[in-house]
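Scope of the values below: all heavy atoms of this structure, side chains included, with no hydrogens, waters or symmetry mates.
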Amino acid sequence: MSLLLTRRRTAAAVLTAALLVPLAACGNDGSDTEKDSAAGAKPSDSAPASGAPAAELTVLAAASLTDVFKEAGAAYEKENPGTKVTFSFAGSQELAAQVKQGAPADALVTADTKTMDGLSAETGTPTVIAKNRLVIAVGEGNPEKVGSLKDLADTKLKVVLAAPEVPVGRYSKQILDAQKIGVKPVSQEPNVRAVLSKVELGEADAGLVYKTDAETAPDKVDAIDIPDAENAVASYPAATLKASKHSEAAAAFVAWLSTPAAQKILQGAGFQQP
């Protein structure tokens with residue numbers, strides 16, 4: 001009986017040990033998972049890679065930034081999962097009016113410092129993120145043989161300019177006045193893209209636009225360079241809006257615009273370094 005009892009006890013011990021092995025293994029897996037999670041081995045999709053808080057941002061931006069900011073916005077969203085950037089493009093003077101009227105937005109980028117300076121009560125401290133220059137946009141092949149600013153004074157030429165309250169319109173007036181060139185435009189447009197469109201459609205023979213805008217339509221317009229001594233430099237300041245409900249995320253986006261990644265995109269589109 002003693003031998004039989006000993007064998008029974010041994011068998012029971014072996015069975016118990018066999019049953020405990022899987023349980024121990026399960027306990028180890030859970031512990032390792034908790035350790036990995038606590039160590040932050042892999043951030044969740046809602047945690048931006050750059051540390052910027054996730055948010056849905058609305059950015060008011062000058063019309064001349066339309067193409068490049070779409071690319072920049074996509075790049076920013078890729079770097080910051082969980083963040084969505086929506087742009088509203090218009091002439092800088094229109095954007096300023098929207099800000100003063102309390103339009104819900106988080107950041108602002110204008111095509112001149114004058115407009116931004118006029119909104120100091122509504123914005124944070126602005127930072128210039130890029131610069132630009134003007135060119136003469138003409139139809140493909142330059143059918144009217146426009147060669148310089150002085151040619152725009154020809155009354156037979158249909159010239160279109162931006163309205164004087166628009167930054168590009170103000171720059172246009174500045175350089176024409178400096179050269180004492182009188183131009184009677186057939187129309188004055190609300191933003192630079194409207195000027196470019198008139199030339200693209202053949203409704204105007206020439207127009208003054210930013211270099212970067214002319215480069216967006218290489219198959220429809222040619223760009224006649226204006227010498228630096230006769231040209232104007234457009235500065236693009238960016239700032240957060242004090243009324244933003246996502247101030248930290250807005251500040252992160254504005255700061256990103258000055259990073260090498262954003263500058264590569266801007267300069268690739270023809271913008272100059274700030």
Side-chain angles (χ1 to χ4, degrees), residues 48-80 83-100 102-134 166-168 170-171 174 191-192 210-213 231-274:
S50 69
E56 292 189 6
L57 297 175
T58 297
V59 179
L60 307 179
S64 51
L65 294 166
T66 299
D67 296 274
V68 70
F69 261 21
K70 288 179 180 178
E71 180 181 354
Y76 188 75
E77 290 176 356
K78 185 175 181 180
E79 287 186 23
N80 298 272
T83 294
K84 173 67 176 177
V85 184
T86 299
F87 296 103
S88 178
F89 299 104
S92 295
Q93 81 291 347
E94 293 180 44
L95 300 178
Q98 291 177 31
V99 170
K100 287 184 177 295
D106 303 290
L108 170 69
V109 188
T110 62
D112 67 333
T113 55
K114 182 177 180 179
T115 299
M116 184 67 79
D117 290 345
L119 297 169
S120 58
E122 289 85 8
T123 68
T125 302
T127 301
V128 174
I129 62 162
K131 293 186 176 181
N132 214 340
R133 289 182 180 273
L134 272 65
V166 183
V168 70
R170 188 159 56 249
Y171 293 132
Q174 175 186 323
N191 59 65
V192 68
Y210 296 119
K211 178 181 179 180
T212 53
D213 288 284
N231 213 329
V233 178
S235 294
Y236 289 73
T240 58
L241 292 174
K242 292 180 180 178
S244 170
K245 295 181 179 180
H246 312 287
S247 58
E248 190 177 349
F253 175 75
V254 169
W256 179 82
L257 291 173
S258 294
T259 65
Q263 288 296 307
K264 182 178 180 180
I265 295 172
L266 286 162
Q267 290 165 34
F271 287 87
Q272 299 174 1
Q273 290 182 331

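The shortest heavy-atom contact between Trp256 and Ala72 is CH2-O, 3.4 Å. Of all the heavy atoms in Gln93 and Pro167, the pair that sits closest is OE1-CD, 4.1 Å. Shown here for Gln263 and Ile129, the closest heavy-atom pair between the two residues is NE2-O, 2.9 Å. For the pair Ser235 and Lys131, the tightest heavy-atom approach, listed with the atom from each and the gap, is OG-CE, 3.7 Å. The nearest pair of heavy atoms linking Gly118 to Lys100 is O-NZ, 3.6 Å. Residues Thr113 and Val128 approach most closely at CG2-CG2, 4.5 Å, considering heavy atoms.
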Practice prompt. Begin from the C-alpha positions of Gln98 and Leu95 and carry the test side chain to side chain contact (heavy atoms under 4.5 Å, CB included) through to its verdict.
Written response: CA-CA 5 Å; Gln98 291 177 31; Leu95 300 178; 4.2 Å; yes
Item to complete: Would you check, one step at a time, whether the test side chain to side chain contact (heavy atoms under 4.5 Å, CB included) holds for Phe69 with Val85?
Response: CA-CA 10 Å; Phe69 261 21; Val85 184; over 6 Å; no
Item to complete: Mind running side chain to side chain contact (heavy atoms under 4.5 Å, CB included) on Val166 and Val192 for me, showing each step along the way?
Response: CA-CA 8 Å; Val166 183; Val192 68; over 6 Å; no
Worksheet item: Should Ser64 and Val168 be marked as a side chain to side chain contact (heavy atoms under 4.5 Å, CB included) after you check the CA-CA gap, both sets of side-chain angles, and the distance that decides it?
Response: CA-CA 9 Å; Ser64 51; Val168 70; over 6 Å; no
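Taking OG1 from Thr110 and CD from Glu94, the interatomic distance works out to 13.5 Å, rounded to the nearest 0.5 Å. The OH atom of Tyr76 lies 9.5 Å from the OG1 atom of Thr259; values are rounded to the nearest 0.5 Å. To the nearest 0.5 Å, atom CG of residue Leu241 and atom OG of residue Ser247 are 11.0 Å apart. In this structure, Thr115 OG1 and Arg170 CZ are separated by 5.0 Å, a value rounded to the nearest 0.5 Å. Atom OG1 in Thr86 sits 11.0 Å away from atom CG in Leu60 (nearest 0.5 Å). From Glu248, atom CD reaches atom OG1 of Thr240 across 12.0 Å, with rounding to the nearest 0.5 Å.
By the 30° and 60° cut-offs, the orientation of the rings of Tyr210 relative to Tyr171 is perpendicular.
No side-chain heavy atom of Lys242 sits less than 4.5 Å from a side-chain heavy atom of Thr123.
Within a 6.0 Å sphere centred on CD of Glu56, other residues, nucleotides and ligands contribute 12 heavy atoms or fewer. Within a 6.0 Å radius of NZ in Lys84, other residues, nucleotides and ligands contribute 12 heavy atoms or fewer.
One N or O on the side chain of Asn231 and one on the backbone of Leu134 form a donor-acceptor pair closer than 3.5 Å. Formation of a donor-acceptor pair under 3.5 Å by the Asn132 side chain with backbone atoms of Phe271 is not found in this model.
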